[in-house]
Amino acid sequence: MGDKSTTKPAQNSPYVNTDDNVVNFMSDNPLNRLSHQRKDSTWLATTMAKESTRFVLFSNLHPVCIPAESRAHPAKASPSKQQHLLTVTHENIKSYLEEHEPVVVFLGISSQNTSPQGDSGKRSNSTQESSPAWFAVDATAMSLDQLKQFDSRVVLLAVYPGMMRIEPTDAAVYAQARALLAWHDRYRFCATCGCIATVEDAGYKRRCTNDDCRSLQGAHNTCYPRVDPTVIMAVSSVDQSRLLLGRGQKFPRSMWSCLAGFIEPGESIEDACRREVKEESGVCVGQVKYHSSQTWPMPSSLMIGCLAEALTSDITVDKTELDDARWFCREEVQQMMQRRHPQGLYLPPKQAIAHQLVLQWLKTANL
Ligand SMILES: NC(=O)c1ccc[n+]([C@@H]2O[C@H](COP(=O)([O-])OP(=O)(O)OC[C@H]3O[C@@H](n4cnc5c(N)ncnc54)[C@H](O)[C@@H]3O)[C@@H](O)[C@H]2O)c1
């Protein structure tokens, strides 16, 4: 999969992955996760208490953000709707941590040149230390007034489309933190025996408190954070002139996107693509090629983006899954991409892998 040295596109296939380094929104995490340190409680406690350490906060899984203009170089600031994750110091939240004992997740260590931005302005001078550590904190028990004491401009970003406004430099950190906090939020009890499960390994594991529980033997996926593989595919018509798009029932009225769905246990990526397209639209799919992936922490999907070729063209929409599905010609897709479609139809924004798959189809469609 994705190994271009061994995987040649079929003859006349429009799908040649010309983007060798596809970096989707929420990828390219600037933090070194230092997974080997997660069991070292002494190191973690010392690191948390350091002046340079930064804490990002989430309230009800919404990231606490501040406008991107607060960057060191306001002249280069992005449009005002862009947001940074607010960061605070240990001193700022020490009493909250002691009083509420919230879930805290170690995110990693930033290198000096690649650290995410978004300081509250109230943190200590981190430039004295080259590699600040980052943690995520469930700050749900803090009121908005308390959060505003860190920075009066704080906002809580909604999941979608709110999170699309997070600065790309912070987006991967947001994804890592949200996916982990969302897992803790839903998995407080052991899925094997139902007893309380406590947080371990700096937030990357939960341990059942029942000593007799089977989850304490061997590697149990009930103890570790979830990642749900999900296929999403740009399906090209038999003659490669049209693209299959669908409208989910919860989509904004005029938005169309690539078909998507969760991979089932015991299923390959290719089989899942074929099954999902057949189930949702009635279209049979032949060749499937991997394009790129995107973490989608709502709450725990890993979007596996593919380019696929249809074998049939008749559409039968599964109305329990989709509002509609249809073929779009290249010109219409371009109009939707550029937001100049006569009926106002449009595609998801560039941050979504769906957008990138459609872009790739436009680049490679053999017309
Ligand atoms: N990044 C993007 O560009 C992009 C585009 C489209 C969809 N997505 C995401 O892909 C995911 C799947 O898309 P969809 O349209 O099929 O979603 P959906 O929400 O319409 O369908 C989810 C349904 O699948 C079932 N399901 C099966 N396995 C599941 C699992 N492991 N977790 C949750 N539900 C499961 C449930 O019945 C659920 O109702 C969603 O999370 C969606 O947000 C991302």
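Numbering of ligands and ligand atoms starts at 1, following listing order. Side chains included, hydrogens not; waters and symmetry mates left out as well; all remaining heavy atoms used.
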Residue pairs passing the salt bridge (Lys or Arg N to Asp or Glu O under 4.0 Å) test where at least one lies in residues 83-99, sequence neighbours excluded: none

For the residue pair R326 and F328, would you count it as a cation-pi contact if the rule is NZ or CZ under 6.0 angstrom from the ring centre and within 45 degrees of the ring axis? yes

Non-hydrogen atoms closer than 4.0 Å to ligand 1: which protein residues do they belong to? List them by chain and number, please. D228, T230, I232, A260, G261, F262, Q294, W296, S301, M303, A352, I353, A354

Determine which pairs satisfy salt bridge (Lys or Arg N to Asp or Glu O under 4.0 Å) with at least one residue from residues 245-260, sequence neighbours left out, and list them in order. R247-D323

Tell me, which pairs form a salt bridge (Lys or Arg N to Asp or Glu O under 4.0 Å) where one or both residues lie in residues 28-40, sequence neighbours left out? K39-D201

Taking atom types as modelled, find out whether S300 and W183 have a side-chain donor-acceptor pair closer than 3.5 angstrom. no

Look only at the side chain of H100 and the backbone of P102, and say whether a donor-acceptor pair between them is shorter than 3.5 Å. no

